[in-house]
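Remember, it's a predicted structure, so these values are computed and weren't measured experimentally.
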Amino acid sequence: MLFRPEEIRQEEEEPGFEQPQAMRAQGDSRFVVGRKKVNLQDVIGELAQDEHIHVPSMGSWSMHHVLAYLLSKVGPADVWLTSWSITEEPIALIVEHLENGAIRKLRALFHDRVEAMNPAAHSMARFNLQVRLAKVHAKTLVIINDDWGVTVKGSANFTRNPRIENYVICTHRRIAENDRDWIEQVMQGADPFEAP
């Protein structure tokens, strides 16, 4: 099958932005613990379509490591991400993935204070990535290609943090598309959260 019927979108008569919707998904859930000094392959393993993987961890890896791991599982993809804070190491890893083709395109939404909090990382991001600054505290990662739609939501920023973090990895395409859409709307300067 070349497409799934639920992937067909109706054209709107007039262009505009839709307000983000609450999403509900059915499917399997896995609960794993990111124990200290255990790698992501051993914690997460293989991905399956339409599942949630809940992963508390103790700082052995961060959101940029999760990104690299997921790209190794799903193949080259487009990526959208949001973060309250950034540092140079994650930005360098993201740039490396762009250069080697693992990330086909990337759009990043960062908190508007990252320039003051870490000027070097902000400069590196601005020079290498498509970035927009906004009042964002969400930590969201979206990875989409022809075969996969993956979203990661959690407490981790794109920084190295040796504290307890929590991740939920979701492989429901509709959820990934929904998260991509609201991030894209903010990237384009819209306010998708304004009441109708």
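At a cut-off of 3.5 Å, with distance as the only test, a side-chain donor of S155 or E165 sits close to an acceptor on the other residue.
Every residue two or more places apart in sequence or in another chain that forms a salt bridge (Lys or Arg N to Asp or Glu O under 4.0 Å) with R160 is listed here: E89. With sequence neighbours excluded, no residue forms a side-chain contact (heavy atoms from CB on, under 4.5 Å) with S123.
Separating the NZ atom in K135 from the CG atom in D112 is a distance of 3.5 Å, to the nearest 0.5 Å. Between atom OG1 of residue T171 and atom CD1 of residue I53 there is a gap of 6.5 Å, rounded to the nearest 0.5 Å. A distance of 6.0 Å separates CD1 in I44 from CG in L70, rounded to the nearest 0.5 Å. Rounding to the nearest 0.5 Å places CD1 of I91 at 8.0 Å from OG of S83. Rounding to the nearest 0.5 Å places CG of D181 at 9.5 Å from CD1 of I183.
Considering only heavy atoms from C-beta on, L106 comes within 4.5 Å of L81 through its side chain. Side-chain contact check for F110 versus T82: every heavy-atom pair is 4.5 Å or farther apart. Considering only heavy atoms from C-beta on, W182 stays 4.5 Å or farther from W80 through its side chain. Put simply, the side chain of V55 does not reach to within 4.5 Å of the side chain of V168, judged on heavy atoms. Side-chain contact between V142 and I175 is absent, with no heavy atoms from C-beta onward closer than 4.5 Å. Using a 4.5 Å heavy-atom threshold, the side chains of H97 and R104 count as separate. Inter-residue side-chain proximity for L98 and N128 is flagged as unmet; no heavy-atom pair is nearer than 4.5 Å. Put simply, the side chain of D147 does not reach to within 4.5 Å of the side chain of V74, judged on heavy atoms.
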Starting from the C-alpha separation in whole Å, work towards a yes-or-no answer on side chain to side chain contact (heavy atoms under 4.5 Å, CB included) for M63 and Y167. CA-CA 9 Å; M63 190 68 95; Y167 306 85; 4.2 Å; yes
Starting from the C-alpha separation in whole Å, work towards a yes-or-no answer on salt bridge (charged side-chain N to carboxylate O under 4.0 Å, His left out) for K153 and D179. CA-CA 10 Å; K153 297 180 183 184; D179 286 325; 3.2 Å; yes
May I have the step-by-step check of side chain to side chain contact (heavy atoms under 4.5 Å, CB included) for I144 and R180, ending in yes or no? CA-CA 9 Å; I144 297 177; R180 173 204 60 200; 4.0 Å; yes
Side chain to side chain contact (heavy atoms under 4.5 Å, CB included) for D42 and L40? Distances and angles first, verdict last. CA-CA 5 Å; D42 292 337; L40 285 165; over 6 Å; no
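By the rule that hydrophobic residues join a cluster once side-chain heavy atoms approach within less than 4.5 Å of another member, L71 and L93 end up as members of separate clusters.
Closest approach of L109 and A134 over heavy atoms only: CD1-CB, 3.8 Å. Nearest heavy atom pair, residue M187 against residue A108, reads SD-O, 3.3 Å. Scanning both residues, G75 and N145, for their nearest heavy atoms gives O-ND2, 3.8 Å. Of all the heavy atoms in A176 and G149, the pair that sits closest is CB-C, 3.5 Å.
The 12-atom threshold is not exceeded at CZ of R113, counting heavy atoms of other residues, nucleotides or ligands nearer than 6.0 Å. Taking a 6.0 Å sphere around CD of E115, one finds it holds 12 or fewer heavy atoms contributed by other residues, nucleotides or ligands.
When each of H172, R173, R174 is paired with C170, the side chain to side chain contact (heavy atoms under 4.5 Å, CB included) condition holds for H172 and for no other.
In this structure, E51 contributes its side chain and A48 its backbone to a donor-acceptor pair below 3.5 Å.
A ring pair (Phe, Tyr, Trp, His ring centres under 6.0 Å) check over residues 126-149, counting only residues at least two apart or in different chains, returns the pairs W84-H137.
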